[in-house]
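See below for the structure under consideration.
Chain A is the first sequence line, chain B the second, and so forth, proteins listed ahead of strands; every chain is numbered from 1. Note that the structure is a prediction, hence the values are computed from the model and not measured.
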There are 2 protein chains.
Amino acid sequence: MGHSADGDSAATDFLSFADIAVDTTAERLPGIDRSAMQMVLLLHRVASSIVYDLESTVHRPAGWSWSAFRLLFTLWVAGPRESRQVAHLSGMSRAAVSSLTKTLSASGLLARRSDERDRRAAILSLTARGADALETTFRAHNEREARWASLISEDELATLNGVLTKLARAAQGQEWISRRA
Amino acid sequence: MGHSADGDSAATDFLSFADIAVDTTAERLPGIDRSAMQMVLLLHRVASSIVYDLESTVHRPAGWSWSAFRLLFTLWVAGPRESRQVAHLSGMSRAAVSSLTKTLSASGLLARRSDERDRRAAILSLTARGADALETTFRAHNEREARWASLISEDELATLNGVLTKLARAAQGQEWISRRA
DNA sequence: AGCAGGCGGTCAATGGTTTTACGATCGGGG
DNA sequence: CCCCGATCGTAAAACCATTGACCGCCTGCT
């Protein structure tokens, strides 16, 4: 009987599907790397779930898209920066930053001035109102992050963060990785 | 002097920014949950990087979007399913599945028939060509997953998968989580 | 100084996803 | 038996992000 392809859809949801997918695939395609597959599947699905949850409960109600939040947060942490760098640090394209900047500066959340030394460059920074709004929203954001984190033990959380940090650091040097812009 | 806001942008990239962000935030906003913040930041950034890399080196060249791949893969694993279920299992909206279905069935990769019992429902399934194409693409996909996985040790990988699995399972029952559609 | 090549930001076009609304269908209660 | 509400898939519209082309500016070389 086993949990074959059809049948038990009752307990199968977006997150638990990863288990089934790995088992099925390993069976049907011998030679694939099972753990690697599991890692990517889980990372993607867990991250997506968290982002969806945060966006729909915290950021959309506040009138921001997930990207807008990331942009503002990046500025809040890194301080005034060239548009190019903000794009890089927040993980979006230069065009996306340019477009978001128009909206957010119209709302008075960020300011945009051109660099004196290099007149091509635009320097973005938060306004006082922007910093204020970000801090308020971030608190709500962090409270919800804490709920997610509480689903595992403190030790497990520390372990998770440790391994993810190592993975992120190791990825930094790799030439073969295709990166944004 | 420490690594304050401006200055050392040299070694700061998308992935390593997480460290700086956590430190800066913890300093400026006492009372936030540091580990929870780190977890979400890392999960999002690592997952994004992997997805971007896979999409741009494997799926786009094959003519598929990341979502198209996920849809086909879901069908390949789960077998013929109602459109509704496919959306749920692959983590997208019903509308997105409907839209993708049009494209993919035009390419002859998947078939769409209506359920006999419930004539509202549409049942999606892979064609032979679709299954073939998926298996070929998936091998390339998995090879690249393996490169990512090789950035950490086998033990660490097993640990990572263990914790992520636990997190995914724990999330399953939670009522407070906002889920897609 | 002048020019060639490269880089930063923006615009237009494109593709894909979500939201909203709707027609068709199912199922249960009066 | 017939509504009524709920569900399924889809179409239309809005939104958002990416790619590619472009213009202006910087820099190094001659």
Side-chain angles (χ1 to χ4, degrees), chain A residues 9 48 51-53 55-57 59-61 63-72 74 80-107 110-124 178-181, chain B residues 9 14 44 48 51-53 55-57 59-61 63-72 80-107 110-125 178-181:
Chain A
S9 59
S48 295
V51 168
Y52 186 88
D53 177 63
E55 179 165 18
S56 59
T57 64
H59 301 298
R60 290 292 177 186
W64 295 349
S65 66
W66 175 250
S67 291
F69 170 72
R70 262 164 47 216
L71 176 55
L72 295 173
T74 302
R81 292 274 166 153
E82 283 185 25
S83 181
R84 183 76 168 85
Q85 290 178 48
V86 175
H88 190 221
L89 293 178
S90 63
M92 39 205 201
S93 64
R94 284 177 297 150
V97 170
S98 172
S99 167
L100 267 175
T101 295
K102 224 183 330 182
T103 313
L104 294 174
S105 69
S107 313
L110 67 79
R112 185 186 165 293
R113 63 183 172 79
S114 46
D115 192 341
E116 294 161 7
R117 302 187 183 184
D118 185 343
R119 271 184 301 168
R120 291 172 302 176
I123 299 200
L124 309 181
S178 165
R179 290 178 174 80
R180 200 167 245 109
Chain B
S9 59
F14 178 62
H44 171 63
S48 294
V51 168
Y52 187 88
D53 176 63
E55 180 165 17
S56 59
T57 62
H59 300 299
R60 290 292 177 187
W64 295 348
S65 67
W66 175 251
S67 291
F69 170 72
R70 262 165 46 216
L71 176 56
L72 294 172
R81 293 275 165 149
E82 283 184 25
S83 180
R84 184 75 168 84
Q85 289 179 47
V86 175
H88 190 220
L89 292 177
S90 62
M92 39 205 204
S93 66
R94 284 177 298 150
V97 170
S98 173
S99 167
L100 264 177
T101 294
K102 223 184 332 183
T103 313
L104 294 174
S105 68
S107 313
L110 68 78
R112 187 187 162 291
R113 63 184 172 78
S114 47
D115 192 340
E116 294 160 9
R117 303 186 182 184
D118 185 342
R119 272 184 300 168
R120 289 172 304 179
I123 299 200
L124 308 180
S125 57
S178 166
R179 291 178 175 79
R180 201 165 321 244

So which nucleotide from C:dT17, D:dC8, C:dC26 ends up closest to the side chain of B:Ala96?
C:dT17
Scan A:Ala122 against the nucleic acid and name what it touches under 4.0 Å (heavy atoms): base, sugar-phosphate only, or nothing.
sugar-phosphate
How is A:Ala121 classified with respect to the nucleic acid when contacts are heavy atoms under 4.0 Å: base, sugar-phosphate, or nothing?
sugar-phosphate
Without decimals, in angstroms, what is the distance between B:Ile123 CD1 and D:dT7 P?
19 Å
Nearest-nucleotide pick for B:Ser67, side chain only, options being C:dC11, C:dT17, D:dG9:
C:dT17
Which part of the nucleic acid, if any, lies within reach of A:Arg94 when heavy atoms closer than 4.0 Å are counted: base, sugar-phosphate only, or nothing?
base
Minimum-distance nucleotide (side-chain atoms of B:Arg180 versus C:dT18, D:dT10, D:dG20):
C:dT18
Where is the tightest heavy-atom contact between A:Ser178 and B:Asp53, given as atom of each residue plus distance?
N-OD1, 2.8 Å
Please check: side-chain N/O of A:Glu55 versus main-chain N/O of A:Trp66, any donor-acceptor pairing under 3.5 Å?
yes
Euclidean distance, atom CD of residue A:Glu116 to atom C1' of D:dC26 [Å, nearest integer]:
16 Å
Would you kindly compare A:Arg112 and A:Arg120 by the position of their nearest DNA chain C nucleotide and give the one closer to the 5′ end?
A:Arg120
Separation of D:dG9 atom C1' from B:Arg113 atom CZ, nearest Å, is 16 Å
With no hydrogens and no angle check, is any side-chain donor or acceptor of B:Thr101 less than 3.5 Å from a backbone partner on B:Val97?
yes
Taking A:Thr74 for its side chain and A:Arg70 for its backbone only, find out whether a donor-acceptor pair lies under 3.5 Å.
yes
Just how far, in rounded Å, is P of C:dC7 from CG of A:Asp115?
17 Å
Counting side-chain heavy atoms from CB outward, which of D:dA11, D:dC25, D:dG9 is closest to A:Asp118?
D:dC25
Can you measure A:Trp66 atom CH2 to D:dA17 atom C1' for me and round it to whole angstrom units?
16 Å
B:Lys102 side chain near D:dG9 phosphate (N/O to OP1/OP2, under 4.0 Å)
no
Separation of C:dT19 P from B:Met92 CE (nearest whole Å)
15 Å
Classify the nucleic acid contact of B:Thr101 as base, sugar-phosphate or nothing, counting any heavy atom under 4.0 Å across all strands shown.
nothing
Look at B:Ser93 and C:dT18 and indicate whether a side-chain polar atom (N or O) is within less than 4.0 Å of OP1 or OP2.
yes
Between B:Arg70 (CZ) and C:dT17 (P), how many Å, whole number?
8 Å
Round to a whole Å and report the spacing from CZ of A:Arg60 to P of C:dT17.
15 Å
With a 3.5 Å distance limit and no angle check, can you tell me whether A:Arg81 reaches the backbone of A:Val86 through a side-chain donor-acceptor pair?
no
